[in-house]
Each structure stands twice: as structure tokens, then as C-alpha cells.
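Shown next, in C-alpha cells, is the structure this report addresses.
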Amino acid sequence: MSRVLIIAEAGVNHNGDIHLAKKLAAAAKDCGADIVKFQTAKLESLVTDYAPMAEYQKENVKSAALQKEMIRKLLLTYEEFVELSEYCGEIGIRFLSTPFDTDSIDFLAGIGCTLWKIPSGEITNYPYLVKIAKFHQPIILSTGMSTLKEVEDAVELLKNNGAGEVTLLHCTTEYPAPFKDVNLKALKTLRDKFECPVGYSDHTSGIEIPIAAVGMGAVIIEKHFTLDQNMEGPDHKASLEPDELKMMVSAIRNIEEAMGDGIKRPFSGEISNMAAARKSIVAKCAIRTGERLTEENLTTKRPGTGINPMRWNEVIGKTADRDYEADEMLQLPLTET
């Protein structure tokens, strides 16, 4: 199994503060994530003046304000993203940001982004998908809120416009997502239908679901994280804090190692335990030379250094060619009756 790509989704959990964004990047690096991801947008291109907030946003920011008022406080400027991208390079973690409008696509391309993360909300955005596809670069496409037909239409559009490799992320767009709505088996559906790599973008509480997704073949895991779940903002409460993110990364790396190559065979540590754990054919009671070997005078006991019990039928009916005491292992050759 190849290394799982772990994306620490900082998103807008910097609350519009470049210094907090840098702290998030450093925390993601410290936790062992491969990528720290943000969100880039121009407010006037993202949302209308009258778009309402989602219910989870109202709940988490304790306000019924419109989306535009909330988002205005959460955006970094393009200049700040240049600084943030350079900072990520300095500390050794890959920078990634999801564009939410076509101007932001051009901006991110201009600062050297060569991997594109398309969020679930843009899966039906025709001009957006075409623009990203025309860079001919790899794409990670989240599929939350989507039907299989909508995913099929998006993948076809991307491929028809020259996209590089497309990896599909199964996702449940709820914050936090209830376990009953996760539907991890959809990973297999996506992999079988589109014959492409699949991953999982997690919005559940805790770390067990993304870990399970790795066991089901996810090659990318994306997980929201924050420095403090109690901070004000729409996504903090559905995010991991650094200690939890570090635990998730460690668990995923353990799962990777444990997946193996699929070939069933004993490993060296097991081989050294075979003698102690397996059994041999032994005398159940004293057996004298010339006595016929039967199920009444033979049994199987540890250790497994003698005749393999799978040869039981070869031994039954033969004649002992010497005396055996109870618990003594039989030895070959044996005499035919």
C-alpha cells in the first residue's frame, strides 16, 4: 500500500488572521500531515448579498446573519496567501488552497499551485470545473451532497477538458456529520464505478472514521483541524485540535504498515513461534514395538517439532518400529502393517 496523503484542512479556521494561519501551518507540520490546506476566495465573486448561512454556520457563530457578513471576517487577502505559501515552504509542509471562484483559480496557479482541490459545493459548477481541468494537473474532487450521476458528469467534464489524474473524495457535508450518514461503503462504489483512486474527506467528530476509511482503501484523508475548538467561527467545532490530529496521523501510518501486500504467508516472527504453538503426533500411552498405531494410542500435542498432524491418516494403521512412552513424539520411518 502506498503512503496515504494526509491533508490537514485549516480552511478558514485562521479567522482572517495571517498569524493564526501560520500557526495552523506549523501545527499541521508538527502533527505529521503532508499538506496544510486553506480556502481562497474573493468575497464579491463567492456569494450574493442575500445568501443565507447554513444551519450549522448559524449554530456555530451564534448568529443568523447572511453568509457575506460571516465570510468577510474569515478571508485572507491574495497578498497574505503569497506570504502564507512562502511560509509553508520555509517550514517544510506543502501548501494547498481550495479556490472558490475563477479569479482565485488564476491567482493560485500564478503562485505555483499544481494540485487542485475542488470542494463539494463546486461539483456542479461547469465553468469552474472546465477552468481547472485545462491546467492538465492532478485534481482531488470532493463529492459531498452529490448523486452518483452528478459525480459522473463532473468527472466526464474534467477528463474531456484535459484534467490530470482525478482522485474522488467521499464526503458527507454535515458539520459534524453523524456516523449514520457517513456511508463508508460508498468508497468502494466510487472506486469500482470510476476506476480511479479514492479518498475520504471527514466531517465526523473524532478520528475513528478516517482511520476506518484507510482500511477500506482511501489513499487521501482530509480532516479539518483548529488550534482551539472553542474559538469563534463556523468550522472550529467540527475540527480536530492538534493533539487529536497527531493521534490520527499516527494511527493512519500504523494502518498503512499493517495493510501489507496481501500475500498470505507466515512472517519471521510467526515462524519462530510455530514450534511452540503447533502440535505433533505423539503417543497417547505407552506403545510397544510392533504394535499397530491407532486413534486409541495416538494423539496430538505441543510442540510442533515432530510429525505434522496433517499426516494423521498416513500414520494410522502403521506399526511402531520401536517402543514409545506416553507423550513421546513419533518418528519416521514407520513400518507398514
Side-chain angles (χ1 to χ4, degrees), residues 3-41 56-57 60-61 71 73-100 108 111-113 115 117 119 140 142 169 171 175-177 199-211 213-214 218-256:
R3 182 179 170 89
V4 173
L5 188 71
I6 300 177
I7 301 174
E9 168 66 290
V12 294
N13 282 343
H14 49 69
N15 290 352
D17 182 344
I18 180 65
H19 302 293
L20 185 54
K22 289 181 178 180
K23 287 181 179 179
L24 284 161
K29 165 71 174 176
D30 182 61
C31 291
D34 300 295
I35 293 175
V36 61
K37 191 181 82 66
F38 298 91
Q39 298 174 8
T40 305
Y56 83 91
Q57 293 171 337
N60 290 341
V61 300
I71 294 171
K73 304 172 184 176
L74 301 175
L75 296 181
L76 296 174
T77 66
Y78 283 177
E79 291 74 18
E80 287 172 322
F81 272 115
V82 171
E83 183 180 343
L84 183 57
S85 173
E86 291 173 350
Y87 176 76
C88 289
E90 291 169 5
I91 65 173
I93 188 168
R94 186 170 182 176
F95 166 87
L96 182 64
S97 191
T98 291
F100 280 82
L108 290 170
I111 65 170
C113 289
L115 172 65
K117 168 63 202 304
I140 302 169
S142 277
L169 297 193
C171 177
Y175 301 85
Y200 178 61
S201 180
D202 185 52
H203 295 153
T204 65
S205 300
I207 66 174
E208 59 264 57
I209 303 303
I211 293 168
V214 172
V219 299
I220 295 176
I221 293 295
E222 179 182 73
K223 183 74 174 179
H224 281 264
F225 88 108
T226 179
L227 298 181
D228 185 348
Q229 290 177 342
N230 295 314
M231 293 178 69
E232 183 180 347
D235 295 342
H236 293 286
K237 287 194 169 42
S239 302
L240 298 180
E241 293 185 348
D243 285 350
E244 297 171 298
L245 179 63
K246 186 176 291 188
M247 287 172 58
M248 187 193 80
V249 171
S250 176
I252 287 173
R253 298 304 176 217
N254 289 341
I255 294 296
E256 282 175 342

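Atoms considered below: every heavy atom in the structure, side chains included; atoms not considered: hydrogens, waters and symmetry mates.
Residues Phe100 and Ile71 fail the side-chain proximity criterion, which asks for heavy atoms closer than 4.5 Å. Side-chain atoms of Glu222 and Ser142, non-hydrogen and from C-beta on, do get closer than 4.5 Å to each other. Between Pro176 and Lys237 there is no side-chain heavy-atom pair separated by less than 4.5 Å. Put simply, the side chain of Leu96 does not reach to within 4.5 Å of the side chain of Val36, judged on heavy atoms. Between Ile209 and Tyr200 there is a side-chain heavy-atom pair separated by less than 4.5 Å. Annotation: side chain of Val4 is not in contact with side chain of Ile220 (no heavy-atom distance under 4.5 Å).
Atoms CG and CG, from Leu76 and Leu20 in turn, are 9.5 Å apart once rounded to the nearest 0.5 Å. Atom OG of Ser97 sits about 7.5 Å away from atom CD1 of Ile111, to the nearest 0.5 Å. The line from CD1 of Ile35 to CG of Leu5 is 4.0 Å long, rounded to the nearest 0.5 Å. To the nearest 0.5 Å, atoms SG (Cys171) and CG (Asp202) are separated by 8.5 Å. The line from CZ of Phe225 to CG of Leu240 is 9.5 Å long, rounded to the nearest 0.5 Å. One finds the NZ atom of Lys246 at 13.0 Å from the CD1 atom of Ile207 (value rounded to the nearest 0.5 Å).
In this pair, Phe38 and Phe81 present their aromatic rings perpendicular. The plane angle is above 60°, beyond the 30 to 60° band.
Between Leu245 and Ala8, the closest heavy-atom pair is CD2-CB, 4.0 Å. Heavy atoms only, all atoms of each residue included: Pro119 and Pro99 are closest at CD-O, 4.5 Å. The minimum heavy-atom distance linking Leu227 with Ala27 is given by the pair CD2-CB, 3.9 Å. Ser201 and Leu169 get closest at one heavy-atom pair: CB-CD1, 4.0 Å.
Looking at Arg94 and Asp34, no side-chain N of the basic residue comes within less than 4.0 Å of a carboxylate O on the acidic one, giving no salt bridge.
By the side-chain contact (heavy atoms from CB on, under 4.5 Å) test, Ala26 pairs with Tyr87, Ile91, sequence neighbours left out. The side-chain hydrogen bond (donor to acceptor under 3.5 Å, both in side chains) check on Glu83 picks up Lys22, with sequence neighbours excluded. Legend: residues meeting ring-ring contact (aromatic ring centres under 6.0 Å, His included) with Tyr175, ordered by chain and number and at least two apart, are Tyr56, His203.
Asn13 and Ser239 share a donor-acceptor pair across their side chains, judged by distance under 3.5 Å alone. Checked by atom type, the side-chain pair Asn15/His236 shows a donor-acceptor distance below 3.5 Å.
Heavy-atom neighbours of Met231 CE from other residues, nucleotides or ligands within 6.0 Å: above the threshold of 12. For CD of Glu232, the number of neighbouring non-hydrogen atoms (other residues, nucleotides, ligands) closer than 6.0 Å is 12 at most.
Exactly one residue among Gln39, Lys37, Lys117, Glu9 makes a side-chain hydrogen bond (donor to acceptor under 3.5 Å, both in side chains) with Thr98. That residue is Lys37.
No donor-acceptor distance shorter than 3.5 angstrom exists from the side chain of Lys29 to the backbone of Cys88, with no hydrogens or angles considered. Lys223 places a side-chain N or O within 3.5 Å of a backbone atom of Thr204 that can act as its donor or acceptor partner. At least one donor-acceptor pair under 3.5 Å links the side chain of Thr77 to the backbone N or O of Glu80. No side-chain donor-acceptor contact under 3.5 Å links Arg3 to the backbone of Arg253.
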